[in-house]
**Q** 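Handing you a structure now.
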Amino acid sequence: KFFILFLLYGLLYCLYVALSSLKYFLRFWTGSMDGHGHGKFHILFLFFVSAMFSISLCSLLGYHIHLVLNNRTTLEEFRAPVFRRGPDKEGFSLGKGNLAEVFGDTWWRMILLSSPVLETA
């Protein structure tokens with residue numbers, strides 16, 4: 001949960017930086033900075049680095065959400081766990097309950113950093 005939230009918040013931050021520097025990048029690229037364009041390569045660097053990190057984080061986030069939805073680890077994705085009846089790729093899957101098992105039952109628990117609720121009986 002925490003790693004997926006880390007990837008989500010990192011992606012949102014990189015998208016925010018890329019979109020907020022897009023206006024200045026376009027002005028620099030078209031040459032309409034009215035004489036203030038000399039030495040503004042840090043805008044190019046900021047835009048490209050944040051865009052590349054956004055692409056990387058988006059692919060990582062998509063892959064890890066896929067793993068959570070199927071209730072697998074990275075090792076289980078490449079080689080199915082072996083049980084007494086043989087290898088079963090869906091051996092630990094809970095079906096539709098995988099996401100709720102990791103993030104919680106309600107939507108607001110999914111996006112907040114919260115500790116798991118311990119049941120006392």
**Q** Do you reckon Val68 sits in the same ILVMFWY cluster as Leu11, going by side-chain contacts under 4.5 Å, direct or chained?
**A** yes
**Q** Any idea which heavy atoms bring Ile4 and His64 closest together, and the distance?
**A**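 Nearest pair, atom of Ile4 first, then His64: CD1-O, 3.8 Å.
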**Q** Over all heavy atoms of both residues, which pair between Val17 and Leu46 is shortest? Give the atoms and the distance, please.
**A**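 For Val17 versus Leu46, the nearest heavy atoms are CG1-CD1, 3.6 Å.
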**Q** Find the distance between CD1 (Ile65) and CG (Leu60) and round it off to the nearest 0.5 Å.
**A** 11.0 Å
**Q** Which residues satisfy the ring pair (Phe, Tyr, Trp, His ring centres under 6.0 Å) test with His66, sequence neighbours excluded?
**A** none
**Q** Roughly how far apart are Leu61 CG and Phe3 CZ, rounded to 0.5 Å?
**A** 9.0 Å
**Q** Could you tell me whether Tyr63 atom OH has more than 12 heavy atoms of other residues or ligands within 6.0 Å of it?
**A** yes
**Q** Nearest 0.5 Å please: distance from the OG atom of Ser50 over to the CZ atom of Phe45.
**A**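 If we round to the nearest 0.5 Å, Ser50:OG and Phe45:CZ are 10.0 Å apart.
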**Q** Suppose we screen for ring pair (Phe, Tyr, Trp, His ring centres under 6.0 Å). Which residues come up paired with Phe25, at least two apart in sequence or across chains?
**A**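 Ring pair (Phe, Tyr, Trp, His ring centres under 6.0 Å) check on Phe25 returns Trp29, Phe47, Phe48.
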**Q** Are Leu57 and Leu12 connected into the same hydrophobic cluster when the rule is that any two of I, L, V, M, F, W, Y join if their side-chain heavy atoms are below 4.5 Å apart?
**A** yes
**Q** State, to 0.1 Å, how close Ser54 and Leu15 come at their nearest heavy-atom pair, and which atoms those are.
**A** OG-N, 3.5 Å
**Q** Would a hydrophobic clustering, with Ile, Leu, Val, Met, Phe, Trp and Tyr connected at side-chain separations under 4.5 Å, put Phe6 with Tyr13?
**A**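 In one cluster with Phe6: Tyr13, no.
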**Q** Is there a path of hydrophobic side-chain contacts, each under 4.5 Å between heavy atoms of I/L/V/M/F/W/Y residues, joining Tyr9 to Leu7?
**A**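 Linked within one cluster.
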**Q** To the nearest 0.5 Å, how far apart are CG in Leu19 and SG in Cys14?
**A**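 Atom-to-atom, Leu19:CG and Cys14:SG are 11.0 Å apart.
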**Q** Treat each ILVMFWY residue as a node, draw an edge where side-chain heavy atoms are under 4.5 Å apart, and state whether Tyr16 and Val49 are in one component.
**A**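 Different clusters: Tyr16 never reaches Val49 through Ile, Leu, Val, Met, Phe, Trp or Tyr contacts under 4.5 Å.
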